[in-house]
Amino acid sequence: MFEQLGLIGCGLMGGSFALALKRAKLVKRVVGYSKSPSTTERARQLGVIDVAAPSALLAVSGADIVLLAVPVAASEATFKAIRHGISADTLVMDVGSTKGDVIEAARNGLQKQFASFVPAHPIAGKEVSGIEHAEASLFTGRQVVLTPVKTTLRSNVQRASQVWSGIGANVVTMTHEEHDAAFAAVSHLPHLLAFAYTNALIGQPQGDRFLSLAGPGFRDFSRIAASDPVMWRDVLLANREQVLQQSQAFRKALEDLETLMTAGDLQGLEQSIAAASKARAAWKPNSSTDALAQQDS
């Protein structure tokens, strides 16, 4: 059991982590801080945190486990703010959906305490955000990806794995390069395409009319276009190299289909569609798949 969780970011992800630790009796006290004092106070009123701290540094002071649940773009500034409150025995984790940039931010921000940091990405979320929607079961049965580096304390990697397993998550470990490449393909690019498609639709003179006729196909394809703009701005920019590589692969596949359509190639078009259909039908989602869209970093 941990004595104190220092929670930086009292939103859906951070709040759910705190509640999960409490439910599993893995922590005695939760001290929380958010950029908005009203959010921190609301978290206290809801019983998600026990103490509302006036600063990030005070939230982690005395904590033996720390979780950063802030936008990835705010990672380095947050690490710098808490650096002097982190000891060699502190387990520090994040929940960001990109890892290479967060690792670099931690290296710059934590400096001598960098070895205490275990990068983590829980593949969980909801269609809504905010502390009011936090729940202890959010991570149950979900995957959590850990991406430690060579200098990460092995003892902290083990503790991180035990913590996430202790609240019901399935832990996977990989390099941050593998992580960022994989999620560019299966999460970040789909969001980019959904944003582009929706903008293309509403940008047409008859866009509103088209929307009024939309059915399940539009609903399923465009759902993730309703994602948080600030969060996804940061994710797409943080992982831009990998996302752009995936975008180029998509452009090539789209151009191939367009070429078949232009040529009126019935057989070629059918074969291409059949290949996609077969691959999609054979795919078996894991329990965390439905949470990819709204992971709160």
Side-chain angles (χ1 to χ4, degrees), residues 1-32 43-44 46-50 63-70 72 90-99 102 116-148 152-174 176 178-179 182-183 186-187 224 227 231 283-297:
M1 173 182 282
F2 292 94
E3 292 293 323
Q4 178 180 314
L5 166 65
L7 178 62
I8 313 299
C10 300
L12 172 66
M13 298 297 285
S16 295
F17 184 76
L19 290 174
L21 287 189
K22 286 187 172 186
R23 185 179 70 171
K25 302 186 184 306
L26 292 176
V27 69
K28 292 182 179 179
R29 186 171 81 142
V30 178
V31 180
R44 189 192 65 78
L46 291 171
V48 176
I49 65 174
D50 302 306
D64 45 354
I65 179 172
V66 170
L67 185 78
L68 270 68
V70 300
V72 292
T90 310
L91 168 60
V92 184
M93 298 185 293
D94 75 313
V95 294
S97 59
T98 55
K99 298 271 65 89
V102 174
S116 296
F117 176 57
V118 180
H121 177 196
I123 317 304
K126 292 183 178 181
E127 294 297 330
V128 289
S129 60
I131 191 63
E132 292 82 3
H133 303 288
E135 60 177 70
S137 61
L138 187 69
F139 307 108
T140 302
R142 306 298 189 185
Q143 286 193 44
V144 173
V145 182
L146 303 181
T147 63
T152 306
L153 290 172
R154 295 300 102 183
S155 58
N156 268 9
V157 176
Q158 183 177 5
R159 286 203 294 167
S161 180
Q162 291 172 342
V163 168
W164 288 109
S165 296
I167 60 175
N170 302 315
V171 179
V172 178
T173 302
M174 62 179 66
H176 65 84
E178 291 171 331
H179 171 280
F183 282 89
V186 300
S187 178
I224 54 177
S227 298
M231 169 188 159
W283 172 69
K284 298 186 185 306
N286 58 57
S287 60
S288 64
T289 298
D290 61 347
L292 276 172
Q294 288 298 319
Q295 196 272 325
D296 182 357
S297 43

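Because only heavy atoms are used, hydrogens play no part in the values below, and waters and symmetry mates are left out as well, while side chains stay in.
For the pair Asp64 (side chain) and Gln4 (backbone), a donor-acceptor distance under 3.5 Å is present.
Asp94 approaches Leu67 most closely through the heavy-atom pair O-CD1, 4.0 Å. Across every non-hydrogen atom of Cys10 and Ile131, the tightest pair is O-CB, 3.4 Å. Taking every heavy atom of both residues into account, Gly96 and Val72 meet most closely at CA-CG1, 4.0 Å.
Residues that satisfy the side chain to side chain donor-acceptor pair (under 3.5 Å) test with Gln162, not counting sequence neighbours, are absent from this structure. For Thr147, the side-chain contact (heavy atoms from CB on, under 4.5 Å) partners at least two apart in sequence or on another chain are Lys99, Ile103, Pro119, Val145, Met174, His176, His179. Checked against side-chain contact (heavy atoms from CB on, under 4.5 Å), Val157 has the following partners two or more places apart in sequence or in another chain: Val118, Pro148, Thr152, Arg154. Residues satisfying the side chain to side chain donor-acceptor pair (under 3.5 Å) criterion with Ser155, sequence neighbours excluded, are absent altogether. In this structure Arg159 satisfies the salt bridge (Lys or Arg N to Asp or Glu O under 4.0 Å) test with no other residue, sequence neighbours excluded. Residues passing the side-chain contact (heavy atoms from CB on, under 4.5 Å) test with Ala24 are Leu26, Ile167, sequence neighbours excluded. Listed by chain and number, the residues in a side-chain contact (heavy atoms from CB on, under 4.5 Å) with Ser165 are Ser161, Val171 (sequence neighbours excluded).
Between atom CD of residue Glu135 and atom CG of residue Leu12 there is a gap of 8.0 Å, rounded to the nearest 0.5 Å. Put simply, CD on Glu132 and CG on Leu46 are 6.0 Å apart, with the number rounded to the nearest 0.5 Å. Interatomic distance, Ser97 OG to Met13 CE, rounded to the nearest 0.5 Å: 9.0 Å. To the nearest 0.5 angstrom, Ile49 atom CD1 is 11.0 Å from Arg29 atom CZ. Put simply, CD on Gln158 and CG on Leu91 are 11.5 Å apart, with the number rounded to the nearest 0.5 Å.
Listed by first and then second residue, the ring-ring contact (aromatic ring centres under 6.0 Å, His included) pairs involving residues 152-174 are Phe17-Trp164, Phe139-Trp164 (not counting sequence neighbours). Listed by first and then second residue, the side-chain hydrogen bond (donor to acceptor under 3.5 Å, both in side chains) pairs involving residues 6-17 amount to none (not counting sequence neighbours). Sorted by first then second residue, the salt bridge (charged side-chain N to carboxylate O under 4.0 Å, His left out) pairs that include residues 5-23, not counting sequence neighbours, are Lys22-Asp50. For the salt bridge (charged side-chain N to carboxylate O under 4.0 Å, His left out) condition, the pairs that include at least one residue of residues 3-18, sequence neighbours left out, are Glu3-Lys28.
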